[in-house]
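See structure below.
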There are 2 protein chains.
Amino acid sequence: MKKLKDKLTINDIAKLAGVSKGAVSYVLNNKPGVSKEVRERVLRIIEECGYKPNKLAQALAGKRTNFIALVIPDISDVFYAKIIKGVERILSKNGYFLNLYSTHANPEKEQEVFDFLNTGFVEGTIVMAYHIEKKFIDKMIDLKIPFVFIDYPYDDDKVYSVAVDNEEGGFKATEYLISLGHRKIAFIHGSKEAWDSEFRFRGYLRALEKYDIPFNAKLISRGDFTKEGGYKALKELLSTSEEFTAIFCANDHMAFGAIKALKEEGLRVPEDVSVIGFDNIEASALSNPPLTTIMQPIYQLGEVSAKILLRLLSGENLETKRYLLKTQLIERKSCRKV
Amino acid sequence: MKKLKDKLTINDIAKLAGVSKGAVSYVLNNKPGVSKEVRERVLRIIEECGYKPNKLAQALAGKRTNFIALVIPDISDVFYAKIIKGVERILSKNGYFLNLYSTHANPEKEQEVFDFLNTGFVEGTIVMAYHIEKKFIDKMIDLKIPFVFIDYPYDDDKVYSVAVDNEEGGFKATEYLISLGHRKIAFIHGSKEAWDSEFRFRGYLRALEKYDIPFNAKLISRGDFTKEGGYKALKELLSTSEEFTAIFCANDHMAFGAIKALKEEGLRVPEDVSVIGFDNIEASALSNPPLTTIMQPIYQLGEVSAKILLRLLSGENLETKRYLLKTQLIERKSCRKV
DNA sequence: TAGAATAACTTAAACGGTTAAGTTAATATG
DNA sequence: CATATTAACTTAACCGTTTAAGTTATTCTA
């Protein structure tokens, strides 16, 4: 006895239409070789029965899966979530579906992801990887599946990659402070291993240089990207009693910590000290004072990567491998002219 | 000429090992019927070649796909992103992979998602749907694929659902204010169609009742869940010149707007007016003063749903269909005793 | 009007696995 | 020692499609 709830197959449709399953397949794929009448009859039956071809079988028989893998360190991070949205906007418009893989920077899970990518399900991959090992990249290349890296720190020609121009962002932030008349500008680093903080710092240096402001190592401190880190970093800065009128923090969280520390010392922001952050997180519009900061083009990061992947999937071989996206200055109330 | 880069199949392994592909399959699936030597030889060859079975073929041949679909209104929303993380934690541990579907509350995309769910790829579905139409639910049921709803407002026995106990949360917030001695407590609603705000309001009413505080309609205002909405709602409240010593806002964003409005009127938080929010968004720890609020068990929402789905997938038929998760009071600095 | 070309199909071989059923040789049983 | 049982395979059908190759009947061409 046949199970009633069994899903309809192409055979059922063929039987109902009184043709072979080959004919149904041609109709399904809009290929020639079927008369108008048969085509219409088959389509009608398909419609009536609500038949949908089994994608697994289609994919196995050589058709595409339309699956794109997204490997990502942490989904709950707004930064990555927004990138995903950017990716999704482009890919879903082109008929692709998204598969999510969290690695949590866990090598074991990373291997699992590889094994999966290697099983024929996915056509292309977008890798969001803050920390990337050489081994990972070589493995990805071996897979022979088109892929693009997001937020990839290196400028090599082995992989396609899209990243934010952190140096330009750092330059922009510093130049802005300089344009407001500041010349004693402190910088608060993120964590030691953080390459993005490093690039922002380079932008800071380049801006100082451009405007002939001598670099003062005493104005450099280091946090860890957290509010507490920024707080401590600023306290340290204060303890050297080196004067400054502005601070550029490598991210917004540290800027909040710095502002808290300043307030505790009786210093007002921006009246006594100007503070600029980086990232433009949600809280920076809500804080007191609203934080002037550098906005990363996060959605764009996803969109550009998706567009590149789309071109790779269609067989193109792009000459440019490395894409750098520009940041934007968001002027709010935490900086002012001196 | 065979293409060199062609992926290895079970046939290749069989040939290399000098056995039939059936034997290889038995080894692959840890089934009996193969001698120790053959098993070891095959495993060694598989290891050496880095062979991975094609999941499409496996799935088609009756094995599972291990795919779970996640349908979600907006990935870039932290709320949903966190739920996903909760889901991912549980499901990936159990060998499942996640497929993401954004509907953007767009009926056309919704239909696309359905068509996809209907093609044999996914074994189960978790639907995060703030606005749900009856039609959608009936379609889901027709699909015969196990599914659970997250953040589902209704209490019916047709579908499995997990939601936050908003009423209990509203009660908790209000009771907390009452415990601090407040009796004139204003409430700011979210948008009109928002059922979660409605439930929070019911909790507010229940708390008033429990402590014999008469309900005063003049203390109720309505925002739209945004900071601006909260700002306006509070201004309206103020314009009635009805006295209050505390405000319960249906979400944190509105609480920030309310605090801004209060400050403009020269009222201090919490010295003159206590403010409590709902959601515990990131900014509420960073604001001035740090906002006392009600935390939703967001990760848990994802985890519980995933666990339920897991049980459904294993064929269980759970007696409870509706799961309500408790909120938690986060005491910070925006409320104080009167 | 015979032969070629074409339209409209059908047939069957793939795709890469799983698995029930069949085969063979070795071992156990009475 | 003949027979039943079992272990260790092999064989082939099957999953639900696509598609190249084969088959007709019809139309076109010379």
Side-chain angles (χ1 to χ4, degrees), chain A residues 2-3 5-43 45-46 49-67 115-116 118-123, chain B residues 2-3 5-43 45-46 49-67 115-116 118-123:
Chain A
K2 242 190 145 182
K3 275 178 287 176
K5 67 170 178 181
D6 258 7
K7 278 206 56 186
L8 287 170
T9 72
I10 199 171
N11 279 305
D12 300 321
I13 301 298
K15 227 165 277 172
L16 286 170
V19 293
S20 73
K21 63 175 175 176
V24 176
S25 179
Y26 290 137
V27 171
L28 235 37
N29 296 289
N30 251 322
K31 293 197 174 175
V34 226
S35 65
K36 210 177 155 195
E37 302 120 39
V38 168
R39 190 176 295 276
E40 276 165 6
R41 177 149 40 98
V42 169
L43 283 174
I45 291 172
I46 286 177
C49 306
Y51 162 75
K52 293 285 165 195
N54 180 319
K55 284 220 173 207
L56 289 166
Q58 287 187 317
L60 184 59
K63 284 193 77 168
R64 322 219 330 260
T65 63
N66 285 349
F67 270 172
D115 289 349
F116 186 84
N118 202 12
T119 58
F121 257 113
V122 303
E123 293 184 21
Chain B
K2 246 192 142 182
K3 275 177 286 177
K5 66 170 178 182
D6 258 340
K7 279 205 56 187
L8 287 169
T9 72
I10 199 171
N11 280 304
D12 300 322
I13 301 299
K15 228 166 274 173
L16 286 169
V19 291
S20 72
K21 65 173 177 175
V24 177
S25 178
Y26 290 137
V27 172
L28 235 36
N29 296 290
N30 252 321
K31 292 197 175 176
V34 226
S35 65
K36 209 179 155 193
E37 303 120 37
V38 168
R39 190 176 296 275
E40 276 165 6
R41 176 150 41 97
V42 169
L43 284 174
I45 291 172
I46 285 176
C49 306
Y51 163 75
K52 293 285 164 195
N54 181 319
K55 286 221 173 207
L56 289 167
Q58 287 187 316
L60 185 58
K63 285 193 75 168
R64 322 220 330 259
T65 63
N66 285 348
F67 269 172
D115 288 349
F116 185 82
N118 201 12
T119 59
F121 258 113
V122 304
E123 292 183 24

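FYI, side chains are in, hydrogens and waters are out, and symmetry mates aren't considered; it's all heavy atoms of this structure. Fair warning: this is a prediction, and the values are worked out from it, not measured in the lab.
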* Look at the rings of B:Phe116 and B:Phe121 and say which category their plane angle falls in: under 30° parallel, 30 to 60° tilted, over 60° perpendicular. => parallel
* To do: Looking at every strand, decide which applies to B:Val24 at a 4.0 Å heavy-atom threshold: base, sugar-phosphate, or nothing.
  => nothing
* To do: Starting at atom CG of A:Asn11, determine the distance to atom P of D:dT18, rounded to an integer number of angstrom.
  => 12 Å
* What does A:Gly62 touch in the nucleic acid at a heavy-atom separation under 4.0 angstrom: a base, only the sugar-phosphate, or nothing? -> nothing
* Can you figure out which of D:dA21, C:dG16, D:dT17 approaches the side chain of B:Leu60 most closely? => C:dG16
* A:Gln58 side chain, from C-beta outward: closest of D:dC9, C:dG17, D:dT17 -> D:dT17
* Base, sugar-phosphate, or nothing: which does B:Thr9 touch, judged by heavy atoms less than 4.0 Å apart? -> sugar-phosphate
* How many Å lie between CZ on A:Arg64 and C1' on D:dT17, as a whole number? -> 16 Å
* What heavy-atom pair brings A:Thr65 and A:Gly120 nearest, and what distance separates the two atoms? -> CG2-O, 3.9 Å
* For A:Asn30 and D:dT18, give me the distance from atom CG to atom C1', rounded to whole Å. => 15 Å
* To do: To the nearest Å, give me how far apart CD (B:Glu40) and P (D:dA8) are.
  => 13 Å
* Could you state the CD1-P distance from B:Ile10 to D:dT11, rounded to the nearest angstrom? -> 14 Å
* Asked: Just to confirm, is there a sub-4.0 Å distance from OP1 or OP2 of D:dT19 to any side-chain nitrogen or oxygen of A:Lys31?
  -> yes
* To do: Report yes or no: is there a donor-acceptor pair, N or O only, under 3.5 Å between the side chain of A:Lys21 and the base of C:dT10?
  => no
* **Interatomic distance where OH belongs to A:Tyr26 and P belongs to D:dT19 [whole Å]** => 8 Å
* Asked: What is the distance, rounded to the nearest whole Å, between atom NZ of B:Lys63 and atom P of D:dG16?
  -> 17 Å
* When all nucleic acid strands are considered with a 4.0 Å heavy-atom cut-off, which category describes A:Gly22: base, sugar-phosphate, or nothing? -> base
* Asked: Counting just side-chain N and O atoms, does B:Ser35 come under 4.0 Å of either OP1 or OP2 of D:dC9?
  -> yes
* Heavy-atom pair of closest approach, residues B:Leu16 and B:Cys49 -> CD1-SG, 3.9 Å
* Structure fact -> Closest non-hydrogen atoms of B:Glu123 and B:Arg64, given as atom of the first, atom of the second and distance, are OE2-CB, 2.8 Å
* d(NZ, A:Lys55; C1', D:dG16) in whole Å -> 14 Å
